[in-house]
There are 2 protein chains.
Amino acid sequence: MQRASEPASAGGADAFAADLLRGHTDTIVLGVLRARDRYGFEIYKAIRDATGGDYEIKEATLYAAYRRLVKDGLVEAYWGDESQGGRRKYYRITDAGRAVYRRNVDAWVVTRSTIDSLLDLKGSR
Amino acid sequence: MQRASEPASAGGADAFAADLLRGHTDTIVLGVLRARDRYGFEIYKAIRDATGGDYEIKEATLYAAYRRLVKDGLVEAYWGDESQGGRRKYYRITDAGRAVYRRNVDAWVVTRSTIDSLLDLKGSR
DNA sequence: TCTAGTAGTTGATCAGATACAGTACCTGTC
DNA sequence: GACAGGTACTGTATCTGATCAACTACTAGA
């Protein structure tokens, strides 16, 4: 993000990607894991590809999120079959994780309409 | 926010308010100022009331945002008529501010659909 | 007088996101 | 066989927005 570096001229333009999704990372990861277990890099690629490359959650951000989710008991990690070479750490969503996911999706819906209405505050758009 | 403090049990439930709007504060303030100049506390109340009290951007957060916006030339500040006692610092959106606002609203629309699609990634909701 | 609300401000701290760097393995190519 | 590039995972340092917890100052009302 470069928000403050090019204030009036560029400011906030492509500042897009970064902070705007802040706080949603965990929920997004949980969402990806709902269907089936995946390994870290696979989740990264899934998110990157799902947005057509417009948007990318950085690897470091995701691995930090995995650690957080494991610590909080929302996902479990296990090493995959390493016989074919490269190691892969898989993640599995827990029941607690599914519950949090559902609540966070609800929260997102509220947040979304909150921002929508705030940006339309006093009309004149 | 208490995201990490009550992980599996409450975790992320009412974590709602805080981080989920992170990065949108500046845009929200600019949005409030589009229609007319307002003073700091008035903006705070407008945001608080507009969400029916569900959601509140803390005063400290807003005053930090004002400083940032002034520094970046997106709003201008001036002291109001102090003859009736309490001092009030008013904020006026600049042309640069309006431009950034429009771009940020566009970015929000993209962000919104990005999150929507990520939370629906691989269906099965 | 005391309380509460309005109004503005600051300093310390927290936590998520990122940059950057590094390790390790595998595959394809010259 | 060396090397580039992609896959896969990790750690550390830093940035920044948000919040907490104060604080000053004025006004109105119980």
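If you're wondering where the values come from, they're calculated on a predicted model, not measured in any experiment. All chains are named by letter (A, B, ...) in the order of the sequence lines, taking the proteins before the strands, and each is independently numbered beginning at 1.
In this structure, a donor-acceptor pair under 3.5 Å is absent between the side chains of B:Asp26 and B:Tyr101. Side-chain contact check for A:Tyr44 and A:Glu56: at least one donor-acceptor pair (N or O, by modelled atom type) lies under 3.5 Å.
Remark: side-chain polar atoms of B:Thr61 are not paired, donor with acceptor, to backbone N or O of B:Ile57 under 3.5 angstrom. A side-chain donor-acceptor contact under 3.5 Å links B:Thr111 to the backbone of B:Ala107. With A:Thr94 contributing its side chain and A:Gly73 its backbone, the two residues share a donor-acceptor pair below 3.5 Å. The backbone N or O of B:Tyr63 sits nowhere less than 3.5 Å from a side-chain atom of B:Arg68 that would complete a donor-acceptor pair.
Dashed line: the shortest gap from a side-chain N or O of A:Tyr63 to OP1 or OP2 of D:dT10 is not under 4.0 Å. For B:Arg87, no side-chain nitrogen or oxygen approaches OP1 or OP2 of D:dC26 to under 4.0 Å. Contact annotation: A:Lys45 side-chain N/O to D:dA8 OP1/OP2 distance is under 4.0 Å. Distances shown here put a side-chain N or O of B:Arg88 below 4.0 Å from the OP1 or OP2 atom of C:dA7. The shortest distance between the side-chain N/O atoms of A:Arg68 and the OP1/OP2 oxygens of C:dA17 is below 4.0 Å. The side chain of B:Thr61 places an N or O atom within less than 4.0 Å of a non-bridging phosphate oxygen (OP1 or OP2) of D:dT19. Within the 4.0 Å cut-off from OP1 or OP2 of C:dA17, at least one side-chain nitrogen or oxygen of A:Thr25 is found.
For the pair B:Tyr66 OH and D:dG17 P, the computed distance is 16 Å after rounding to whole Å. Atom-to-atom, CZ of A:Arg67 to C1' of C:dG16 comes out at 12 Å; the value is rounded to the nearest Å. D:dG17 atom P lies 16 Å from atom NE2 of A:His24, rounded to whole Å. In this structure, NZ of A:Lys89 is placed 15 Å from C1' of C:dA24, rounded to the nearest angstrom. Rounded to a whole Å, the CZ atom of B:Arg38 is 16 Å from the C1' atom of C:dA7. Taking atom CG of B:Leu62 as the reference point, atom C1' of C:dT10 lies 15 Å away to the nearest angstrom. Taking atom CD1 of A:Ile47 as the reference point, atom P of D:dA8 lies 15 Å away to the nearest angstrom. What separates CD1 of B:Ile57 from P of D:dG17 is a distance of 14 Å, to the nearest Å.
Distances were taken from every side-chain heavy atom of A:Lys58 (C-beta onward) to each of D:dC9, D:dT16, C:dA19; the shortest belongs to C:dA19. Listed nucleotides: C:dA7, D:dG11, D:dA21. Nearest to the side chain of B:Ala60: D:dA21. With C:dA7, D:dC9, C:dT9 as the choices, the nucleotide that has an atom nearest any side-chain atom of B:Phe41 turns out to be C:dA7. Proximity note for A:Glu59 (side chain, C-beta onward) versus C:dT18, D:dC9, C:dA7: the nearest is D:dC9. Candidate nucleotides D:dT10, C:dA15, D:dG17 were compared by shortest atom distance to the side chain of A:Arg22, and C:dA15 ranks first.
Residues B:Tyr66 and B:Tyr91 place their aromatic rings such that the two centres sit under 6.0 Å apart.
Comparing the helix axis at one end of the helix from C:dT1-D:dA30 to C:dC30-D:dG1 with that at the other, each defined from 5 consecutive pairs, gives an inter-axis angle of 10° (nearest 10°).
Residue contacts shown for B:Tyr44 are absent, as no nucleic acid heavy atom lies under 4.0 Å away.
Checking B:Arg48 against B:Tyr91, the closest nucleotide of DNA chain C that is more toward the 5' end is the one next to B:Arg48.
Legend: salt bridge (charged side-chain N to carboxylate O under 4.0 Å, His left out) pairs involving residues 40-53 of chain B, not counting sequence neighbours, sorted by first then second residue: B:Arg36-B:Glu42.
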